[in-house]
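Okay, so here's the structure we're looking at.
In listed order, ligands and their atoms are each counted from 1. Since the model is a prediction, treat every value here as computed from it, not as a measurement. Heavy-atom basis, side chains included; hydrogens, waters and symmetry copies ignored.
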Amino acid sequence: MSSIIQLLPDHVANQIAAGEVVQRPASVVKELLENAVDAKATDIKLIIKDAGKSLVQVIDNGMGMSVTDARLCFERHATSKIRQAEDLFSLHTKGFRGEALASIAAIAHMEMKTKQDQEELGTHIVIEGSKFVSQEVAVLPKGTSFAVKNLFFNIPARRNFLKSDTVEFRHVMDEFQRVALAHPNIHFTFYHNGSEMYNLPAAGYRQRVVGIFAGKTNEKLVPVNEDTEIINVQGFVCKPEFAKKNRGEQFFFVNDRFIKSGYLHHAVMAAYDGLLKDGSQPSYFLYLQVPPNTIDINIHPTKTEIKFDDEQALYAILRASIKHSLGQFNVAPVLDFDRDANLDTPYHYKDIEAETPTIQVDGTFNPFTDDKTNQHYAKASSGSGGNFSSGSYSGYNKRVEPTASWESLYVGLETDTIESSPFTFENEEVTSSLFNDDEVEQAIHKTYQIHKKYIVSPIKSGMVIVDQKRAHERILYEQFLLNMTVNQALSQQLLFPLNLFFSSSEMKLIEELKPSLATTGFVFEEAQSDHVVISGIPVNITESEVSLVIEQLVSDLQDGIPASSYSQNDTIAKSMAKILAVKTGSYLTEKEQDNIVNGLFACKDPNISPFQKPTFITMRVEDIDKKFAL
Ligand code: ADP
Ligand code: MG
């Protein structure tokens, strides 16, 4: 039988290799930026068009290439960065595989201009799908410029696989930010479709972080510094109160290379133990330097994972140094052993404005009934917003902190909602001596809040148990949607316009959402590259909620803005409902409970929350009877 194995022609091999190196425009951005850094440039410009789909250009003032190298750099495994396998253990460059340029040239139209400092003239090469189209001598400034056009022009399937410009732009932005953060000593500029996204002069780490994330970042940062034999840690973590909902701004750099590490992330989170609201994420920018021979970066070219020799020690050092910084800057108690958790103010209380104290008079208090029944009443009224002491009730109404005291009465009740009903019976007895039954029914028996989570209300056939959060989400969602579709949302004018700062990728999203947001009642005065000025807000939100709402929206929409305005409105309404709805764990006054129950049943679709979860259940008297019959 004849032999059938052949060596693949280079351009085919390159195209296959390209699949691994180049997944999207952002991959090209990463490779070109890293090459410019490796070439010791002090000034790097990134210019892209259509999120990089039609053009990615990187211009540097680095060392440039000789005529021979200019031709050779497009060959596979052509690199100036390592010569032998041992070099892998003392790497000081980003690249080392010599694959990137060959891969990119295989699947795009590429133009390169390069000149070394000491040379008079430079080289200008055009290459398309691995084929050299032209090579000329040219008058050029020192450095190198690569322009990559029409990415995937010869692989339509790949081209079609690209996401919307918004999504691809975000990936480019991520790569740009990673390289720019890793190298604050380099001046970076970034243009998209002709407008300047960033102009970051050479600076220190802090200025670079602030330059990229703009606005108020500076005051949120706490420096971290630790120098040990096996690792040097520098950088910043953010104060716990500025932790965000999403994991957007979390960066590790190891020897100036961006990496991802679930393990090190865990170390950071461990340092914040007890300081964060549930599920919130601190921003961090941590620069680790380790001896190059203690890490293995010889991994897949596009992956950002890394292997360390002594992970456990790094974990401990990182955790301790961050904990120390948080403590030193007074954002965390330094000595936290034996600390009574009850003494801590829950984080969310800090953000809530202090309310004017109101005097609560227990109208139903009857000094002539015995203590036992009063205690029962105290329990019931606590549940509906009042704060009457239960344990030390002695004839006077004492205000008690809303801490464990009354909640502890519920410990052991677990979730069985029906078991709280004995209060109602005892209540009736106490109050019947002062009020006639009808009034009691009106004033007290309409709704009860239990476990700061459900609202229970008697109905004809039995009772209804409403999930307060989901119900409120449904109400708000329908309100917002209605306002947006009929386009007549009321707006409250702010006395002082609000300046809200965002990163430029967030600003881009906001820019696209502006028309839809305006229909909810937001009034935007102006939008700059890093902030918006808001002079009016929807009537149903407060000034302090504005930044939360917009932050949530941006994070909900980061995977792309829906194309139709209908689904855009829908997403905005959902997002706003989610953030503004009362949360599980919030006390509700009777009035608030009433409003939620009534509001829910006035909805078009009261059965489910905007996120497709049931909003209430009913329990018929027969069902309750059955339980008692056991
Ligand atoms: P690698 O970076 O892994 O070496 P690349 O394919 O990215 O592989 O680049 C091949 C070679 O081309 C590099 O090793 C370097 O010598 C040269 N080169 C690439 N980009 C530049 C640049 N911007 N300035 C100077 N030389 C460059
Ligand atoms: Mg490279």
Side-chain angles (χ1 to χ4, degrees), residues 10-11 13-23 26-47 56-85 87-88 90-108 110-119 121-127 130 132 135 138 140-148 151 175-176 178-179 182-183 186-189 255-258 292 297-304:
D10 264 1
H11 70 275
N14 282 341
Q15 241 188 47
I16 294 170
E20 285 191 22
V21 181
V22 186
Q23 275 122 21
S27 329
V28 176
V29 168
K30 171 176 186 280
E31 295 298 337
L32 296 184
L33 287 178
E34 290 190 344
N35 278 348
V37 172
D38 284 346
K40 304 203 166 29
T42 56
D43 191 308
I44 300 176
K45 291 186 175 56
L46 168 65
I47 299 163
V56 174
Q57 181 168 20
V58 171
I59 305 169
D60 70 53
N61 66 348
M63 61 172 76
M65 279 176 265
S66 69
V67 186
T68 321
D69 284 354
R71 182 87 186 198
L72 209 58
C73 73
F74 294 104
E75 296 297 322
R76 209 138 60 93
H77 307 307
T79 179
S80 56
K81 299 169 193 174
I82 57 170
R83 301 206 175 271
Q84 49 203 17
D87 294 347
L88 279 175
S90 56
L91 264 186
H92 291 282
T93 54
K94 308 264 131 13
F96 57 86
R97 298 168 170 271
E99 261 177 351
L101 294 180
S103 299
I104 299 167
I107 44 135
M110 205 165 177
E111 193 174 345
M112 179 187 74
K113 294 174 183 165
T114 187
K115 188 185 90 77
Q116 293 179 307
D117 201 13
Q118 68 278 15
E119 298 294 328
L121 294 168
T123 311
H124 178 185
I125 286 180
V126 178
I127 178 168
S130 296
F132 282 92
Q135 173 165 355
L140 297 166
K142 169 200 171 195
T144 306
S145 155
F146 279 102
V148 177
L151 193 64
E175 294 296 351
F176 174 82
R178 291 167 184 178
V179 179
H183 300 279
I186 299 176
H187 180 185
F188 283 94
T189 27
N255 299 355
D256 303 333
R257 181 193 297 273
F258 170 80
I297 43 170
N298 189 15
I299 33 114
H300 191 276
T302 59
K303 294 264 163 60
T304 41

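Rounded to the nearest 0.5 angstrom, Phe188 CZ and Asp43 CG are separated by 9.5 Å. Atoms NE2 and CD, from His183 and Glu34 in turn, are 7.5 Å apart once rounded to the nearest 0.5 Å.
Between the side chain of Thr114 and the backbone N or O of Met65, at least one donor-acceptor pair lies under 3.5 Å. At least one donor-acceptor pair closer than 3.5 Å links the side chain of Asp60 to the backbone N or O of Thr144. The backbone N or O of Glu119 lies less than 3.5 Å from a partner atom in the side chain of Lys115, making a donor-acceptor pair. No donor-acceptor distance shorter than 3.5 angstrom exists from the side chain of Asp117 to the backbone of Lys142, with no hydrogens or angles considered. Using a distance-only test at 3.5 Å, with no hydrogens or angles considered, a donor-acceptor pair links the side chain of Arg257 to the main chain of Thr93.
Between the side chains of Gln57 and Ser145, at least one donor N or O lies within less than 3.5 Å of an accepting N or O. Side-chain contact check for Lys81 and Asn35: at least one donor-acceptor pair (N or O, by modelled atom type) lies under 3.5 Å.
The number of protein N/O/S atoms found under 2.8 Å from the Mg ion (ligand 2) is 1.
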Would you mind listing each N/O atom of ligand 1 next to any protein N/O under 3.5 Å, plus the distance?
residue  : atom   : partner : partner atom : Å
ligand 1 : 2 (O)  : Asn35   : OD1          : 3.0
ligand 1 : 2 (O)  : Lys81   : NZ           : 2.7
ligand 1 : 3 (O)  : Phe96   : N            : 2.9
ligand 1 : 3 (O)  : Arg97   : N            : 3.0
ligand 1 : 3 (O)  : Gly98   : N            : 2.8
ligand 1 : 4 (O)  : Thr79   : OG1          : 2.6
ligand 1 : 6 (O)  : Ala100  : N            : 3.3
ligand 1 : 6 (O)  : Leu101  : N            : 2.9
ligand 1 : 7 (O)  : Asn35   : OD1          : 3.0
ligand 1 : 7 (O)  : Asn35   : ND2          : 2.8
ligand 1 : 8 (O)  : Gly98   : N            : 3.4
ligand 1 : 14 (O) : Thr79   : OG1          : 3.4
ligand 1 : 14 (O) : Ser80   : N            : 3.0
ligand 1 : 14 (O) : Ser80   : OG           : 3.1
ligand 1 : 16 (O) : Ser80   : OG           : 2.5
ligand 1 : 20 (N) : Asn35   : ND2          : 3.4
ligand 1 : 23 (N) : Asp60   : OD2          : 2.9
ligand 1 : 24 (N) : Thr144  : OG1          : 3.3

